[in-house]
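Here's a structure for you.
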Amino acid sequence: MTEHEHEHVRVAVIGSGFGGLGAAVRLRREGVTDFVVLERADSVGGTWRDNSYPGCACDVPSHLYSFSFAPHPDWPRTFSGQEHIRAYLEHVTDVFGLRPHLRFNSEVKLMTWDAEKLRWDIETSSGFLTADLVVSATGPLSDPRIPDIAGIDTFPGKIFHSARWDHDYDLRGKRVAMIGTGASAIQIVPAIQPEVARLTLFQRTPPWVMPRVDRAITGAERWLHRRLPVTARARRGLLWGIRELQVQAFTKRPEELGLVERLAKRNIARAIKDPATRARLTPDYRIGCKRILLSNAYYPALAQPNVDLVTGGLSEIRGSTLVAADGSEAEVDAIVFGTGFHVTDMPIAERVVGADGRTLAETWKGGMRSLRGATVAGFPNWMTIIGPNTGLGNSSMILMIESQLNYLADYVRQLDVLGGRVALEARPDAVTAWSDGVQQRMKRTVWNTGGCDSWYLDANGVNTTVWPGTTTEFRKATRRVDLAEYEVLRAPAEKPAHQGRTKKKAGAGA
Ligand code: NAP
């Protein structure tokens, strides 16, 4: 395609989950309307579109797990189900007029930085475009991970991942294996147990599961939230404040979490009467090291006569026989993998080619590193939402996303102030200072000291996913873009005649 044939936009947002839709709203609020949202599927919703497994719900209360700028007084339950959250995102899309910006069935295949023109060349499954700025909101929970199990090809039955549920396959009366005991699996198990003939649960590491205080939000409460929006705000504030106060125990004083372990053990004991089974279900690591799960139905389902608990990971498949690490075997008709996602090795990183011709995956080979969870040295005008170390162990990710949207808004403002064809590139020393600071704080946290392995840690055992502080601290750290942390790049034609390089340091007359 020639220069004049393809579309050029100011901003290309990738993904239409909470992060991408939030970015779209924020851009419009900043007066930026020249942007597109590229979405590989045919509807919005991200992980809340893809995860439609039986029992799927959020374990963060809905009044907190929603945008502050789009309150929803009519949440039906304290913890809403997937269908309500998905409907909320469709509603946000309509109310904020985002439809004209959406490009469905547009999977990003490759994006390459053009250092001469200071823009991103973007190849998608629906065509080519260029953009001044890329906001990558692909999310950490978007690409399912199915472990490389020996003999998986020999299995004659049905296989699917929790995030790719096959609703056409009828599980009723089938012998089903559930692999994994993470947040997804513990919701699936009680939802399918009454229907299946036999359920074999392959537990590699037991999770800590706390009771779930879930109830319908009454008509009176909803009426009050509609009539007096301040009451919905107060409810959100309370939910936020409680979690904010808990953070210190996770980040600085994990020993305090021992009290919570006692409550979780009581949750097991309430449903599981056999001491040997109780022991198999009781974790040997500090609570909070892996995500704390919430369920009142999980342990009671495990106590049912059609459920077998196998306490060894799935290690081999021989035809329809599944072999666990402890040598036990199970004959099944279907396998459901609740084995999580590519978080620290996100596939989109292989499709981003930066200023020096290296992919983001190559740059992050030794571990994901960023500036303030958003930008990466060598990748000018490229920003990620829910980037490295922006995850939370105990609160709502929407709070972190909104902080990143503040950063995005100021980034766009800074580009405007600088004027002309301009790009910002995170300085390597700023990235190092930020990442080292985060890792220094990480040392005391329960995620690093709790004695478990989790998806928070990358292949080198480094925690590159969780934010080791309060959401307030992150909000402060992302309020403004500090130009001293960036190099200002100018297109060659705009450089002063004496300047040989395309890079020019911030503060040096930029
Ligand atoms: P996950 O937390 O990564 O859990 C994966 C599970 O698969 C773990 O139990 C893991 O065991 C197990 N596993 C991996 N390979 C195995 C093998 N060969 N044999 C047996 N087990 C194996 O994935 P997820 O449950 O999909 O959850 C991912 C994240 O999504 C959550 O942490 C949460 O942030 C989010 N989520 C939230 C909700 C909610 O809001 N309620 C619901 C679902 C998901 P090990 O523990 O031994 O590694």
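In each ligand, atom 1 is the first atom listed, and ligand 1 is the first ligand listed. Counting from 1, the numbers follow the sequence of the chain as shown.
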Next item on the list: Check ligand 1 against G180 and write out every atom of the ligand that is under 4.0 Å from a heavy-atom position of the residue.
Entry: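 Going through ligand 1 atom by atom, the ones under 4.0 Å from G180 are 6 (C), 7 (O), 9 (O), 12 (C), 21 (N).
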
Notebook entry, point to check: Is the shortest side-chain N to carboxylate O distance from R49 to E39 below 4.0 Å?
Noted result: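 A salt bridge is present here (some side-chain N lies under 4.0 Å from a carboxylate O).
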
Check: Considering K290, R212, M397, Q82, which one's heavy-atom position lies nearest to atom 46 (O) of ligand 1?
Finding: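 Of the listed residues, K290 has the closest heavy atom.
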
Note to self: Would you say T321 and E331 are linked by a side-chain donor-acceptor pair, where the criterion is simply a distance under 3.5 Å?
What the structure shows: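 Checked: E331/T321 side chains pair up, N/O donor to acceptor below 3.5 Å.
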
Note to self: Main chain of V466, side chain of N389: is a donor-acceptor contact present, judged purely on distance under 3.5 Å?
What the structure shows: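 Flag set: sc N389 to bb V466 pair under 3.5 Å.
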
Margin query: Just to check, does F341 reach to within less than 4.0 Å of ligand 1 when the distance is taken from its heavy atoms?
Written below: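 The answer is yes, since F341 has a heavy atom less than 4.0 Å from ligand 1.
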
Margin query: With heavy-atom distances below 4.0 Å as the criterion, list the atoms of ligand 1 near F202.
Written below: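 Counting atoms of ligand 1 from 1, those under 4.0 Å from F202 are 20 (C), 21 (N).
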
Margin query: Only heavy atoms of Y53, strictly under 4.0 Å: list the atoms of ligand 1 that pass.
Written below: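 The list of qualifying atoms is 42 (C), 43 (C).
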
Item checked: Region of Q203 engaging ligand 1 - heavy atom pairs below 4.0 Å ->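 It is neither part, as no heavy atom is under 4.0 Å.
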
Note to self: On a heavy-atom basis, I'd like to know which of W455, Y285, F79, F337 is closest to atom 1 (P) of ligand 1.
What the structure shows: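 Checking each option, the heavy atom nearest atom 1 (P) of ligand 1 is found in W455.
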
Next item on the list: Show which atoms of ligand 1 fall inside a sub-4.0 Å distance from at least one heavy-atom site of T205.
Entry: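 Close to T205: 45 (P), 46 (O), 47 (O).
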
Note to self: Starting from atom 13 (N) of ligand 1, what is the nearest protein heavy atom, named by residue and atom, and what distance separates them?
What the structure shows: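 For atom 13 (N) of ligand 1, the nearest protein heavy atom is T339 CG2, 3.7 Å.
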
Notebook entry, point to check: Between A57 and ligand 1, which part of the residue brings a heavy atom under 4.0 Å of the ligand: side chain, backbone, both or neither?
Noted result: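 The answer is the backbone.
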
Next item on the list: Please identify which atoms of ligand 1 are closer than 4.0 Å to at least one heavy atom of I149.
Entry: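 Answer, ordered by atom number: 18 (N).
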
Notebook entry, point to check: Given P206, G182, A185, S184, which has its nearest heavy atom closest to atom 24 (P) of ligand 1?
Noted result: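 Nearest option to atom 24 (P) of ligand 1, by heavy atoms: S184.
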
Next item on the list: Among all protein heavy atoms, pick out the one at the shortest distance from atom 34 (O) of ligand 1; state its residue, atom name and that distance to 0.1 Å.
Entry: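 It is R291 NH1, 3.3 Å.
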
Item checked: E195 and K174 ion-paired at < 4.0 Å ->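 No, E195 and K174 are not salt-bridged.
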
Checklist line | Residue G313 vicinity, atoms of ligand 1 by number, heavy atom under 4.0 Å | finding: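 Near G313, the atoms of ligand 1 are 19 (N), 20 (C).
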
Note to self: Counting non-hydrogen protein atoms only, what is the nearest one to atom 18 (N) of ligand 1? Give residue, atom name and distance.
What the structure shows: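 Going atom by atom, the protein heavy atom closest to atom 18 (N) of ligand 1 ends up being L314 O, 3.2 Å.
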
Note to self: A side-chain contact here means heavy atoms from C-beta on lying under 4.5 Å apart; do W48 and Q82 qualify?
What the structure shows: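 Side chain of W48 against side chain of Q82, heavy atoms only: contact under 4.5 Å found.
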
Item checked: Taking atom 6 (C) of ligand 1 as the reference point, the nearest protein heavy atom with its distance ->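 For atom 6 (C) of ligand 1, the nearest protein heavy atom comes out as G338 O, 3.2 Å.
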
Next item on the list: Indicate whether the side chain of H72 and that of S62 have a donor and an acceptor atom separated by less than 3.5 Å.
Entry: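 Side chains of H72 and S62: no pair found under 3.5 Å.
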
Notebook entry, point to check: Does the ring centre of F160 sit less than 6.0 Å away from the ring centre of H167?
Noted result: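 Not close enough - the centres of the two rings lie 6.0 Å or further apart.
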
Item checked: Protein contact to atom 8 (C) of ligand 1 [nearest heavy atom, distance to 0.1 Å] ->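 Nearest neighbour among protein heavy atoms for atom 8 (C) of ligand 1, to 0.1 Å: T181 N, 4.0 Å.
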
Item checked: Side chain, backbone, both or neither: the part of Q187 lying under 4.0 Å from ligand 1 by heavy atom ->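 It is the side chain that gets close, since no backbone atom is under 4.0 Å.
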
Item checked: Residue G340 vicinity, atoms of ligand 1 by number, heavy atom under 4.0 Å ->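 By the 4.0 Å cutoff, the relevant atoms are 3 (O), 5 (C), 23 (O), 26 (O).
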
Notebook entry, point to check: Taking the six-membered ring for Trp, are Y65 and F79 ring centroids under 6.0 Å apart?
Noted result: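 Centroid distance Y65-F79: not below 6.0 Å, so no.
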
Checklist line | Student check: side-chain heavy atoms of T449 and R444 closer than 4.5 Å | finding: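 Contact flag for T449/R444 side chains = no.
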
Check: With a 4.0 Å cut-off, would you call E221 and R235 a salt bridge?
Finding: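 A salt bridge is present here (some side-chain N lies under 4.0 Å from a carboxylate O).
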
Margin query: Could you check whether R369 pairs with D436 (Lys NZ or Arg NE/NH1/NH2 to Asp/Glu carboxylate O, under 4.0 Å)?
Written below: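 Yes, R369 and D436 are salt-bridged.
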
Margin query: Tell me whether R270 forms a cation-pi arrangement with Y299, defined as NZ or CZ under 6.0 Å from the six-membered ring centre and within 45 degrees of its axis.
Written below: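 Checked: cation-pi criterion not met.
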
Note to self: Would you say the rings of H225 and H63 are close, in the sense that their centroids are separated by under 6.0 Å?
What the structure shows: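 Aromatic pair counts; centres sit under 6.0 Å.
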
Note to self: Suppose we measure from atom 36 (N) of ligand 1 to each protein heavy atom; which comes out shortest, and what is that distance?
What the structure shows: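 Result for atom 36 (N) of ligand 1: A183 CB, 3.7 Å.
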
Notebook entry, point to check: atom 35 (C) of ligand 1: which of D148, I188, L141 has the nearest heavy atom?
Noted result: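 Selected option, by shortest heavy-atom distance: L141.
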
Margin query: At less than 4.0 angstrom from any non-hydrogen atom of I179, what atoms of ligand 1 do you find?
Written below: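 Counting from 1, the qualifying ligand atoms are 17 (C), 19 (N), 20 (C), 21 (N).
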
Margin query: Considering non-hydrogen atoms of the protein only, which is the closest contact for atom 48 (O) of ligand 1, and what is the distance?
Written below: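 Answer, as residue, atom name and distance: R204 NH2, 2.9 Å.
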
Notebook entry, point to check: Any sub-3.5 Å donor-acceptor pair from Y88's side-chain atoms to F67's backbone N or O?
Noted result: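 Between the backbone of F67 and the side chain of Y88 there is a qualifying donor-acceptor contact (under 3.5 Å).
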
